[in-house]
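Right, one structure below, let's go through it.
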Amino acid sequence: MWTITLSSAGHLPPLFVSGSKKTHIDFSKGIPLGLMNVAYEKKTIELAKGDALLFYTDGLTETRDKDN
């Protein structure tokens, strides 16, 4: 088992997969890094063998095909 602590500066929420359960790890809207000196919300999760944590960019969610 692993423990991981996450924080977000306005990024898309990571997807946590454990068995057949899939959940987004939601954060309050964070200010982008470097704009202001602020404290960011942290979340700690436990990862067991077989769990997955998927990080992705807005390039994935904003991708369009030739028909938009």
Side-chain angles (χ1 to χ4, degrees):
M1 179 154 315
W2 300 274
T3 301
I4 185 169
T5 301
L6 307 166
S7 190
S8 177
H11 300 94
L12 296 168
L15 180 64
F16 177 58
V17 181
S18 182
S20 63
K21 184 178 177 184
K22 299 173 184 83
T23 55
H24 280 99
I25 301 173
D26 290 322
F27 291 91
S28 60
K29 296 285 182 188
I31 296 172
L33 289 172
L35 290 182
M36 298 178 70
N37 186 16
V38 296
Y40 290 91
E41 177 183 3
K42 295 183 216 173
K43 294 205 176 176
T44 301
I45 60 170
E46 299 286 328
L47 293 171
K49 186 174 182 176
D51 289 350
L53 192 56
L54 174 68
F55 298 92
Y56 53 97
T57 70
D58 58 0
L60 179 67
T61 60
E62 294 175 2
T63 302
R64 303 287 184 258
D65 65 10
K66 63 183 171 87
D67 299 321
N68 197 25

Q: Might you work through the side chain to side chain contact (heavy atoms under 4.5 Å, CB included) test for L6 and F55, ending with a clear yes or no?
A: CA-CA 11 Å; L6 307 166; F55 298 92; 3.7 Å; yes
Q | Results of side-chain contact (heavy atoms from CB on, under 4.5 Å) for A48 - residues two or more places apart only | A | M1, D51
Q | Qualifying residues under side-chain contact (heavy atoms from CB on, under 4.5 Å), relative to T3, sequence neighbours excluded | A | T44, E46
**Q.** Distance, nearest 0.5 Å, that separates CG of D26 from NZ of K43
**A.** 6.0 Å
Q. Just wondering, are more than 12 heavy atoms of other shown residues or ligands nearer than 6.0 Å to CG in D65?
A. yes
**Q.** Atom pair CD1/CD1 of I45 and I25 - distance to nearest 0.5 Å
**A.** 3.5 Å
Q.
Looking at every non-hydrogen atom in both residues, tell me the closest pair between P13 and Y56 and how far apart they are.
A. O-OH, 2.9 Å
Q | Contacts of type side-chain contact (heavy atoms from CB on, under 4.5 Å), residue T23, not counting sequence neighbours | A | F16, K21
